[in-house]
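Below: one structure, written as structure tokens.
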Amino acid sequence: MVANQGFDRSLRLLSASDYSRVFSSTSVKSGCPQALFIASPNRLDHPRLGLVIARKHVKLAVHRNRLKRLIRESFRLRQAQMPSLDIVVLARRGMAELDNTAVSLMLEKQWNRLCKRALEKTT
RNA sequence: AGAGUCGGCUGGACAGUCGCUCUGCGGGGAGCGGGAAACCGUGCCGCAGGGAGGAAAGUCCGGGCUCCAGAGGGCAGGGUGCCAGGUAACGCCUGGGAGGCGUGAGCCUACGACCAGUGCAGCAGAGAGCAGACCGCCGGUCCCGUUGCGGGCCGGUAAGGGUGAAAGGGUGCGGUAAGAGCGCACCGCACGGCUGGUAACAGUCCGUGGCACGGUAAACUCCACCCGGAGCAAGACCAAAUAGGAAUCCGCAGGCGCGGCCCGCGCCGGAUUCGGGUAGGUUGCUUGAGGCCUUCGGUGACGAAGGCCCCAGAUGAAUGACUGUUCCAGACAGAACCCGGCUUACAGGCUGGCUCUCACC
């Protein structure tokens, strides 16, 4: 791995087929009232991230952008400690009401749970 | 100073660390793909620079652009609706007119036509549209033994009362049985002329008419003008895998069909090539009715000339996160082909013109 802090295109889910693969063969799940995390192992040597922030659940474009940025930022800083998973984060209804620090805290917790569960699965 | 009115500008700042995207420059003896190579495409590293809005929003109008359709004309459907100008165009803007509101600055108006036709109008009321006698007023006549200014009948009458959102010009004088544009004066109205204005319209200078053609067209309708349809997921190009198609060649080794058999032909087979085309990718994609400054023309919207500038271009979708400092403690809110408007949301801050009231010099 070149950089363990960057976030370029190779770290994102890029096509509809990538997404549908994660949805159809989910192996690890985690959730809270504001968001749902699902993941499936990939054959690369690093994790990848995809986001689904529906307009139905987060009405304003400003809030959707804010959440995406926060999730990407959090993922960027944690990626080095993560197994090779394709992760999709789905926003739920109350997510826009959380402020930045609350979102970051929530994400930290969910990354930990997700990695733990993935590790249990492989061993 | 207070109250008000019409605009214009702005939409936290600074520092550090870690990221994203685009552009430019530089770098690499072995990143990947192509090529004989030069090199090309892509990627990597470093440096420098750009990186959301006044509404980016709602998607309500108007254009550009793209494809499809199209001789010409009409109908249907939709839109606009005082006049003139501006503009690529508009339902926008500017100037003007008319009506209404306000002491005023100023604001508001879907502001064409109901003597082309059709329709609509609850309740009240005698009567609601080529109107109408309920009370009243007046005349005549009859009756009650003649008294009361009584009652009935036949007429006249729209001045008064009453109803209503609205009752068919207003005021005054004459007139009359009582009244009435019945007549006259003034005001108003309609029509024609004249004058001013490009026009909407105004003036009331002159003449004519006793005087309605009631209201309603965001009611049907009529009149005038405008409008082909779909949208960047438009459109153009490259193009895996799989299935199917076409052409050429191979083989004549095999199977099936035509046939008694052979030759031959057709189909199946293998190879190559081609065209359509899905996933995916590239492009369209930001230099434009562009911005800023100056001068000139115009009351103004705006136009002309000259100079300078290049100012987001993502595509599972960049423009951010964290920490610190500071202040007046940060509202509404995120580009998706691009412009011109309209509408709606919005913490505050700065600023200009004008009006009214009060006080002082």
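Below, read A as the first sequence line, B as the second, and so on, with proteins coming before strands; counting in each chain starts at 1. Hydrogens, waters and symmetry mates play no part in the numbers below; they use all other heavy atoms, side chains included.
Comparing B:G334, B:C18, B:A321 against the side chain of A:Arg76 picks out B:C18 as the nearest.
When the C1' atom is used for both B:G148 and B:G172, the distance is 39 Å, rounded to whole Å. Going from the P atom of B:C75 to that of B:C227 covers 15 Å, rounded to whole Å. Between B:G288 and B:C338, the distance separating the two P atoms is 13 Å to the nearest Å. To the nearest whole angstrom, the two P atoms, one in B:A30 and one in B:A234, are 44 Å apart. Taking atom C1' in both B:U10 and B:G49, the straight-line distance is 26 Å, to the nearest Å. B:U315 and B:U282 have their C1' atoms separated by 13 Å, given to the nearest Å. Rounded to the nearest Å, the gap between the P atom of B:C293 and that of B:G12 is 24 Å.
B:G183: Watson-Crick or G-U partner is B:C173, with both key distances under 3.5 Å. Partner assigned to B:C123 is none, using Watson-Crick or G-U wobble distances below 3.5 angstrom. In this entry B:A246 has B:U273 as its Watson-Crick or G-U wobble partner, both defining distances falling under 3.5 Å. Judged by Watson-Crick or G-U wobble contacts below 3.5 Å, the nucleotide B:U294 has B:A305 as its partner. Of the nucleotides present, B:G97 is the one that pairs with B:C111 by Watson-Crick or G-U wobble criteria, both distances under 3.5 Å. Of the nucleotides present, B:G46 is the one that pairs with B:C25 by Watson-Crick or G-U wobble criteria, both distances under 3.5 Å. Nucleotide B:C258: paired with B:G264 (Watson-Crick or G-U wobble, both distances less than 3.5 Å). Taking a pair to require two hydrogen-bonding distances under 3.5 Å in either a Watson-Crick or a G-U wobble arrangement, B:U141 pairs with B:G152.
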Nucleotide N/O of nucleotides 313-315 of chain B paired with protein N/O under 3.5 Å:
from, atom 1, to, atom 2, distance (Å)
B:U315, OP1, A:Arg9, NH2, 2.7

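Computed from coordinates, the A:Lys68 NZ to B:U319 P distance equals 10 Å when rounded to whole Å. Summarising the geometry, the separation between CZ on A:Arg64 and C1' on B:A336 is reported as 13 Å, rounded to the nearest angstrom.
Sorted by first and then second residue, the ring-ring contact (aromatic ring centres under 6.0 Å, His included) pairs involving residues 25-44 of chain A (not counting sequence neighbours) are A:Phe37-A:Trp111.
As judged by a 4.0 angstrom heavy-atom cut-off over every strand, A:Arg72 is placed among residues touching the sugar-phosphate backbone only. Across all strands shown, A:Leu51 has heavy atoms under 4.0 Å from base atoms, whether or not it also approaches the sugar-phosphate. Counting any heavy atom pair closer than 4.0 Å across all strands shown, A:Asn100 reaches sugar-phosphate atoms only and no base atom.
Under 4.0 angstrom from either OP1 or OP2 of B:U319 there lies at least one side-chain N or O belonging to A:Arg69.
Looking at heavy atoms from C-beta onward, A:Pro41 lies in side-chain contact with A:Ser27 at the 4.5 angstrom threshold.
Of the residues in residues 55-63 of chain A, those with a non-hydrogen atom less than 4.0 angstrom from any atom of RNA chain B are A:Leu60, A:Ala61, A:Val62.
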Steps toward salt bridge (Lys or Arg N to Asp or Glu O under 4.0 Å) verdict (A:Arg117, A:Glu120):
CA-CA 5 Å; A:Arg117 286 181 191 180; A:Glu120 280 165 12; over 6 Å; no
Ignoring hydrogens and angles, write down the donor-acceptor pairs under 3.5 Å from the side chains of residues 87-108 of chain A, residues two or more places apart or on other chains.
from, atom 1, to, atom 2, distance (Å)
A:Arg92, NH1, A:Cys32, O, 2.9
A:Asp99, OD1, A:Thr101, OG1, 3.3
A:Asp99, OD1, A:Ala102, N, 3.1
A:Asn100, OD1, A:Arg66, NE, 3.0
A:Ser104, OG, A:Asn100, O, 2.9
A:Glu108, OE1, A:Arg78, NH1, 3.1

Exercise answer: donor-acceptor pairs, residues 47-60 of chain A side-chain atoms, under 3.5 Å, sequence neighbours excluded:
from, atom 1, to, atom 2, distance (Å)
A:Arg48, NE, A:Asp86, OD1, 3.0
A:Arg48, NH2, A:Asp86, OD2, 3.0

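Partners of A:Ser84 by side-chain contact (heavy atoms from CB on, under 4.5 Å), not counting sequence neighbours, listed by chain and number: A:Asn42.
Both A:Leu70 and A:Leu114 are members of a single hydrophobic cluster when ILVMFWY side chains are connected at heavy-atom separations under 4.5 Å.
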